[in-house]
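Presented below is the structure to which this report refers.
Residues take their numbers from the sequence shown, with the count starting at 1.
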Amino acid sequence: MKRIFTFAAMAVMMVCYCHAAIYIVGDAPFGDWDPAQGVEMTDNGDGTYSILGEINGTIWFVFADGLSNDWATFNNDFRYGPTDGDEEVNLGAWTTTQKSGDHGAYRFSGTGEEYEFTFDLANGRFKIDGDAFIDPPMVYTVAGVPTVLFGTDWDINNPDNEMIEDAGGLYVLTKKSVYLEAEPIVFKVVANHDWGQSWPNCDYVAQVPEDGWYDVTITFDPKADEDANISCSVVPKLAIDGDVNGDGEVNITDVSAIIDAIFQDNHSSRFDVNRDREINVADISSVIDIILMGPPKDLMGEIVLYFYDTGWAEIFYDGDEQVTLTVYLDGEETELEDRCLWLGDYGEHTIEVIARARGYKNLYAAFTVYWEGPGLPPDYCPEISITEEDDYVIVEATGQGEVRLYIDGQEVENPYCLERLDEDYWVHIDASNKVEGLEIMYSTMDYLVLAKNGDEPDPRDEGFWAVVLDKDGNEVWYELSLGEDGNYSATMSLYSVVYGVETSTGDLMVPYHFVINGVGYGASSDMQQASLLSAMDNPLIEGSQYNFCVQAGYHYTLGVMIDWDGAYYGSAAQGIWTDNY
């Protein structure tokens, strides 16, 4: 027999390591964060590098395959570290690392012993072997009021108020079936029974909406930012009418509790079963009636809320039982109007509803709604027009909605006739627009009513003035008042009375200039040309050769500052800004 042998050739893979130098850069003993003085690790010849170091306390460090006097070069070309922020290293476990740039450092705590750092370049990882430093356990306690909830007032040593750590690293304190009055819960979270570490800086306050039985849960996250590390949940229990002792049943013990309250002159609302604001025999009779009716049943319907973008919330009970609804808006009890509730203000609101019926358990529901307000087209902003005649001036405001006209702060008929007098006088003209009861937009302007006799000198030849252009290109003059600081300024609306010139960056800019004793500064070409002297922090934005500009928006302050050498400096201080130009 002819035998055929097939020989399998074994490919021998030669592993060749490129022996680069690897360094640790960090706190002592690893170079004190000098990117040129890192400590070189020992090459083990198998793609790993190691070094021994005595670590006492907490240190921060990174690895590098090169050193440099320049931090930018070190970070961009040589640094190995976390990919996103700082990272704590566990003893004996491999930690993945990579070229990271300046994204943070590794953190390790030692007990003063010697530790071995091993860096595996081929696999992009490292580990630390030795004795671990264990932080002492933290004990978090809640201290606050009321006494009925915490047992003792502001007691940082009460073991009943120590928080329990859950699987997610949060600390929780739960108090169940506590009868609370409608008053605030105020507390702090304290570390290790020492006021030296407590959160928040100001006391945490949670409002109890009404007298009743509640489950209270306080949660603390020691790793979160202070403005979000504490939460408090105050959840009403599904209370049973007549269950004054909160044991979940209505029986003779509740009758005894009311009798005790009467003899002890205890006026707590939990004993007011019939809700007549008195604690007396009538409450005992109410409990007996409930006992005779049998155990309370569950309400079979549900509480429904419809929210509309007009700011109204419709609330009702969808079920066959006859119930009474108690409604709280942002913690305050509120009456319904034909099943509807008006929010009043834009923003986020909490609505809580309790449905009650004799012989049934109370039904509770909570809703969070956010009212952004009506999205209105630009033509809702009223327009002001001026018609000049020889003996009078007609002022009119037009636009959609309920447009109102004001002269010097007083509402007048629209349109309104202003009579010319023998002397010049100023009036301030405003127009507002109200939609669904809210004043949403307004337009304003100053207007000088000229004297009937035009031979009088123009008062604008004296004093300090700021001049802007309205939407028709006409000048609108604002007289600057002398302030206590010796400077002249005026606050004005640059919203609808002026027009905006869009710049290359998309900003809306309003041209303006100053007139000082008849001389224009930064003025348009038909006036005497002059330039405001420049100042180091001058916020003026030069819009053209002859005009200065300021961004369009609500309430700007334009003014002229005068230094001790008599030089003028212009200013434009931004007030309330709006993007809805």
Residue pair [X] / [Y], side-chain heavy-atom distance below 4.5 Å:
X	Y	value
E396	I384	no
E181	V208	no
I429	I386	yes
L305	V369	yes
S481	F464	no
V216	C232	yes
L341	F307	no
F187	V142	yes

Side chain of [X], backbone of [Y]: donor and acceptor closer than 3.5 Å?
X	Y	result
S489	N487	no
K175	F150	no
Y317	V323	no
N414	A397	yes
N229	F220	no
Q322	A357	no
D283	N280	yes
K188	N201	yes
D221	K223	yes

To the closest 0.5 Å, what do you measure between [atom1] ([X]) and [atom2] ([Y])?
X	Y	atom1	atom2	value
D430	Q410	CG	CD	11.5 Å
E348	D330	CD	CG	9.0 Å
E314	E337	CD	CD	13.5 Å
L363	D298	CG	CG	9.0 Å
E419	Y392	CD	OH	11.5 Å
F514	Y488	CZ	OH	13.5 Å

Return the minimal non-hydrogen interatomic distance between [X] and [Y], and the atom names on each side.
X	Y	result
R356	T326	NH1-OG1, 2.8 Å
I279	N266	CG1-O, 3.8 Å
G104	D86	CA-OD1, 3.4 Å
E183	P146	OE2-CB, 3.8 Å
K176	D215	CA-OD1, 3.3 Å
L329	W342	CD2-O, 4.0 Å

(request) Indicate, with yes or no, if the rings of W465 and Y478 have centres closer together than 6.0 Å. (result) no

(message) Given V353, which partner from the list Y364, F367, F316 fulfils the side chain to side chain contact (heavy atoms under 4.5 Å, CB included) test?
(response) F367

(message) Surrounding CG of D320 (heavy atoms of other residues, nucleotides or ligands, distance under 6.0 Å), is the total greater than 12?
(response) no

(request) Using a cut-off of 6.0 Å, state whether more than 12 heavy atoms not belonging to Y328 lie near its atom OH. (result) yes

(request) Before giving the answer on side-chain contact (heavy atoms from CB on, under 4.5 Å), spell out for W477 and V467 the whole-Å C-alpha distance, their side-chain angles and the decisive distance to 0.1 Å. (result) CA-CA 5 Å; W477 289 63; V467 185; 3.7 Å; yes

(request) Would you please test L336 and I315 for side-chain contact (heavy atoms from CB on, under 4.5 Å) and show each step? (result) CA-CA 8 Å; L336 294 179; I315 303 168; 4.1 Å; yes

(message) Could you go through V234 and I185, starting from their C-alpha distance and side-chain angles, then the distance that decides it, and tell me whether this counts as side-chain contact (heavy atoms from CB on, under 4.5 Å)?
(response) CA-CA 9 Å; V234 183; I185 299 173; 4.0 Å; yes

(message) Angle between ring planes, Y171 versus Y140, binned at 30° and 60°: parallel, tilted or perpendicular?
(response) perpendicular

(request) Would you please test V395 and V427 for side-chain contact (heavy atoms from CB on, under 4.5 Å) and show each step? (result) CA-CA 11 Å; V395 183; V427 293; over 6 Å; no

